[in-house]
Amino acid sequence: MSDGEVTSGCCSPSRPGPGAVAEPASCDERVSPAASGPDREGMVRLEVSTFLMGSRDRWAVPGDGEGPVHEVSLAPYWIDRCAVSNADFGAFTAATGYVTEAEHYGWSFVFAGLLPPGFPDTRAVAAAPWWRQVHGACWRHPEGPGSDVAGRTDHPVVHVSWSDARAYAAWAGKRLPTEAEWEYAARGGREQAAFPWGNDLEPNGEHRMNVWQGRFPDHHTRADGWYGTAPVTAYAPGGHGLYNACGNVWEWCADWYAPNYYASSLRDNPAGPALGTARVIRGGSYLCHASYCRRYRVAARSSSTPDSSTGHQGFRCAADAGPVEVR
Ligand SMILES: [Cu+2]
C-alpha cells in the first residue's frame, strides 16, 4: 500500500483506496474487555431529552452537510470527559498486545511543521502538502522514528484509526459515540452556538481551545501556548463537562459519513447511514484556522476512511446508560 498515490484529503487525509489492501489482523473485534469491567470514572452521564442538531452557519464548508438543522432525541448515555490519552492507550496495548493499523502499514500522516529540521524528504499529500507520509510514525512515535510520547502521556493518543479506536473502546467496555451523541455532549447545552462556550472564537481575547493561530500552514504564533497537541484536560470544560471537544484532535464517531444524511436522519437516536466508505470525525484539531477551515465549530463535520490515521486524529468513548442505579 505504501506504493499507492497519496492524493486524498484536505483537512484530514485518508489512506489511498479503501479496500485496496487486506484488513490488517488488528482490525478484528475479538479484543476482550478489560477484566475489571467498564469503568465509568472519567465519564459523564447525560440524561437527554431533545436538541437541535446541525447548523446553518455561513462558515460551514460547502458539501460537509451541516444542515438542515433538525431535532434529535437521544436515550441517556455516558461519554468520556476527555479524549483517550497516550497513557490510557498504553494501558490498552500493554494489556492486549494490540498493534495499531499505522504500525501494520508502517506509516502514518504527520503534519510537516512538526517534523524536526533536517527530517528526510517524505511524500506529501497532493491537495494538502503539509501532510507527509512518514514511515515509522505511529501512536508511540507521533513524529516518526526518534520521537516518542515521553512528556505527552496526558496528551490525546493520535495516529489511531477508527478500527483502533473501536478496539480500544471494546476493551474498555465502552463504544464510540454516535455523531449525534458527540454533538449533544460537545454543545454542553448551548443550543445552536458556534462553540461549546458561545459564539465568540476568543471571548475577551481569551483562547478557549487548541487551534492554529497565525497564518496556516507556515506561521504559528503559538498564542494559545500549543503548537501540536495539548493535554486532554487543557482549557475549561463545556457545559456537559467535556474537555477539548473542539480543537486539539479530531475525534472518531461510530457513524458512517454521508453529507446528505441530516436530510433524512431519524429523530430518535440517529446512528448514521447503513453503509459508507468513511467514518464521521468531529471537533477539528490543532491545525484548524479561519484562513483554511473553520471545522473547529461544534457543528462541523468531516470524515476519514476507517483505516486512516493522522497526527491530529484521536477519539473519546461513550457507553449506554441503563436505568438509574438505586443504591
Ligand atoms: Cu480543520
Side-chain angles (χ1 to χ4, degrees), residues 6-15 54-55 57-67 83 108-114 124-132 142 155-156 158-162 179 182-183 186-187 193-197 199-202 207-224 226-230 234-235 238 242-253 255 257 259 278-305 308-316:
V6 180
T7 54
S8 63
C10 85
C11 205
S12 209
S14 286
R15 291 187 188 279
S55 88
D57 199 317
R58 69 194 172 109
W59 297 116
V61 178
D64 278 0
E66 285 185 35
S108 189
F109 288 109
V110 179
F111 177 65
L114 292 172
V125 176
W130 49 87
W131 282 116
R132 300 291 186 77
H155 287 221
V158 291
H159 298 296
V160 283
S161 69
W162 184 87
E179 182 175 20
W182 189 96
E183 183 170 322
R187 284 189 176 284
F195 304 108
W197 56 87
N199 284 315
D200 278 351
L201 175 62
E202 293 165 11
H207 294 283
R208 296 291 184 95
M209 62 178 168
N210 178 20
V211 291
W212 191 276
Q213 295 98 42
R215 193 185 58 248
F216 187 84
D218 309 313
H219 180 63
H220 195 318
T221 67
R222 307 183 192 211
D224 65 5
W226 305 102
Y227 185 34
T229 55
Y235 304 98
L242 270 66
Y243 290 85
N244 290 297
C246 292
N248 215 16
V249 293
W250 282 99
E251 298 180 14
W252 290 110
C253 291
D255 312 28
Y257 171 75
R279 297 287 180 176
V280 170
I281 59 175
R282 296 296 297 258
S285 83
Y286 57 81
L287 296 179
C288 285
H289 182 254
S291 65
Y292 174 55
C293 94
R294 298 184 193 236
R295 292 195 182 94
Y296 46 38
R297 292 168 304 99
V298 72
R301 320 173 65 206
S302 195
S303 67
S304 196
T305 53
S308 294
S309 62
T310 69
H312 73 160
Q313 180 68 51
F315 68 104
R316 77 180 70 214

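Start at 1 with the first residue, then count along the sequence. When a ligand or atom number is given, it counts from 1 through the structure's own listing order.
Between Tyr292 and Phe216, the ring planes lie parallel to each other; the angle is under 30°, not in the 30° to 60° tilted range.
For the salt bridge (charged side-chain N to carboxylate O under 4.0 Å, His left out) test, residues two or more places apart in sequence or in another chain that qualify with Asp57 are Arg297. The salt bridge (charged side-chain N to carboxylate O under 4.0 Å, His left out) search around Glu179 returns Arg282, Arg301, not counting sequence neighbours. Here His220 pairs with Trp212, Tyr227 under the ring-ring contact (aromatic ring centres under 6.0 Å, His included) rule; sequence neighbours left out.
Ion pairing between a basic and an acidic side chain is recognised when a charged N comes within 4.0 Å of a carboxylate O; Asp64 and Arg295 show such pairing.
Side-chain contact annotation: Thr310 with His159, donor-acceptor N/O pair under 3.5 Å absent.
Less than 2.8 Å away from the Cu ion (ligand 1), the protein contributes these N/O/S atoms: Cys11 SG, Cys288 SG, Cys293 SG.
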